[in-house]
Amino acid sequence: MKVHVLPQTVLYIADAETFSGHEDCHEQKKARKRNSKETAIALEKLLPKRCQVLGLVTPGIVVTPMGSSSNQPQEIEEGEAGFALLFPKIDGVKIHTFHFSKDLKNRVFDESKFAEAGLKNNPDLRVVLLFGYNSWKSGATRFLHQIVNPLNEKSIILAGGQVESFTSLTSENNNAQPGDACGVVGLAFSGPQIQSATVLLDQDVADERTAEAAMQRLKAANIPERNTIGFMFACVGRGYRHYKTKRNMEADAFRKFFPNVPLFGFFGHGEIGCDRIVTGNFVLRECNDIKDDLLHGYTTVMTLIHLGSTKANQV
């Protein structure tokens, strides 16, 4: 088999049952529960040694099945599911992982860590996907604000949500998070050719008409749709329960307006994002000194990330 393109960065997301389900143990003649770290190590062994890997466990999954990008995206709120996105080297685009964990001894976050992670003093930074873990821990919400607020600039797209845990982060010496810690992991996308936009579907978006109106706002951002990925970060309280038993409402609305853009994401315990557009020609201007509210519950954040044209990638 010939492998033409090796991944440099991998984002994989699976529900807890998929990641730590049961496997047959022939010696004991019974099923035993897989350890999530065992699964993570096995997955990482399949990838190049220098590949950056970020793995997340979430309550539900949004995935566009393999094959063509025009396949129907699916909201899988129950049952086993997962996906992996493999990013090769892309000319003019840098993707890197980061991790900030709460220091139990210090209430003040050292913001110099932002520059070390490439999130400050980086004029090419365009998109930051953020994922909080152990959000139920004491001080977790305050810590998330300490991370999100300094990054809340009109020239940067912020999107993501609260996950159950992270299972892989190969940029770390120790892949597993401490059991008593909370923190934030994520991916940063830098490059002048990157364009992105997000829209927030709040609690008032509760039927097909209002869901499609939100997608029209995203369409109006005029983000190129070739070489573009869609992300959907939704609350576990939305989905078919929110839409009165109608399943796949938001994914279907996305596909109606973006039939050739694959959609990925998850159902989680809180959402990060707002209405925002960042392109090479247009940045949504700061109209006043009030910062956008980025932390939400019972909402959905839809995101488009365009990684540049094929022509630009060959320069």
Side-chain angles (χ1 to χ4, degrees), residues 10-21 33-41 43-44 52-62 77 81-82 96-111 113-114 116-117 119 128-152 158-188 231-238 265-273 293-301:
V10 173
L11 170 66
Y12 70 83
I13 304 179
D15 74 291
E17 185 62 26
T18 298
F19 209 78
S20 300
K33 192 172 178 63
R34 287 197 306 266
N35 179 292
S36 61
K37 190 168 184 178
E38 292 174 353
T39 308
I41 291 170
L43 283 170
E44 288 170 23
Q52 298 184 99
V53 185
L54 175 57
L56 307 173
V57 175
T58 62
I61 299 294
V62 179
E77 300 177 62
H96 66 270
T97 59
F98 59 87
H99 179 204
F100 304 121
S101 60
K102 186 177 182 294
D103 185 343
L104 299 177
K105 298 178 182 178
N106 192 350
R107 286 175 59 85
V108 179
F109 179 73
D110 180 4
E111 293 196 8
K113 293 180 179 178
F114 284 129
E116 293 173 14
L119 302 179
V128 181
L129 300 182
L130 302 129
F131 311 108
Y133 62 88
N134 285 351
S135 58
W136 52 274
K137 291 283 187 181
S138 175
T141 300
R142 182 176 183 273
F143 182 73
L144 184 56
H145 276 285
Q146 289 179 323
I147 302 300
V148 168
N149 290 348
L151 300 174
N152 190 3
L158 299 178
Q162 302 274 18
V163 302
E164 291 188 356
S165 62
F166 77 87
T167 53
S168 291
L169 189 64
T170 50
S171 64
E172 295 290 307
N173 293 325
N174 180 6
N175 287 352
Q177 69 262 36
D180 59 349
C182 59
V184 177
V185 293
L187 290 176
F231 285 101
M232 172 178 163
F233 305 115
C235 177
V236 289
R238 290 182 74 88
F266 59 76
F267 290 88
H269 303 295
E271 303 77 57
I272 302 169
D293 185 11
L294 290 172
L295 303 184
H296 310 279
Y298 212 60
T299 64
T300 297
V301 174

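Note that this is a predicted model, so its numbers are computed, not measured.
Pro59 and Asp15 make their closest contact through O-CB, 4.3 Å (heavy atoms, listed as atom of the first residue, atom of the second, distance). The shortest heavy-atom contact between Ala81 and Ile61 is O-CG1, 3.7 Å. Of all heavy-atom pairs spanning Phe267 and Met232, the tightest one is CZ-CE, 4.3 Å. Closest approach of Thr97 and Gln52 over heavy atoms only: N-OE1, 3.1 Å. Scanning all heavy atoms of the two residues, the minimum distance from Leu144 to Ile272 falls at CD1-CD1, 4.3 Å. Contact between Glu111 and Pro150 at its shortest, heavy atoms only, is OE2-CG, 3.6 Å.
Considering only residues two or more places apart in sequence or on other chains, Phe114 meets the ring-ring contact (aromatic ring centres under 6.0 Å, His included) condition with Phe100, Phe109. Glu271 pairs by the side-chain hydrogen bond (donor to acceptor under 3.5 Å, both in side chains) definition with Thr299, not counting sequence neighbours.
Of the inter-residue distances, the one linking Thr167 atom OG1 with Leu43 atom CG reads 7.5 Å to the nearest 0.5 angstrom. Separation of atoms OG (Ser168) and OH (Tyr12) is listed at 2.5 Å; rounding is to 0.5 Å. We find the CG-CG distance between Leu158 and Leu119 to be 9.5 Å, quoted to the nearest 0.5 Å. Summarising the geometry, atom NZ belonging to Lys102 is positioned 6.5 Å from atom OG belonging to Ser138; distances are rounded to the nearest 0.5 Å. Separation of atoms CD (Gln146) and OG1 (Thr141) is listed at 11.5 Å; rounding is to 0.5 Å. Here the CZ atom belonging to Phe143 is positioned 14.5 Å from the NZ atom belonging to Lys137, to the nearest 0.5 angstrom.
Side chain of His96 to main chain of Ala117: a donor-acceptor pair is present (N/O by atom type, distance under 3.5 Å, no hydrogens or angles).
Side-chain contact check for Leu294 versus Leu151: every heavy-atom pair is 4.5 Å or farther apart. Counting only heavy atoms from C-beta outward, the side chains of Phe98 and Leu130 approach each other to under 4.5 Å. Taking the side chain as every heavy atom from C-beta outward, Ile13 and Phe131 never approach each other to under 4.5 Å.
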May I have the step-by-step check of ring-ring contact (aromatic ring centres under 6.0 Å, His included) for Phe233 and His296, ending in yes or no?
CA-CA 11 Å; Phe233 305 115; His296 310 279; over 10 Å; no
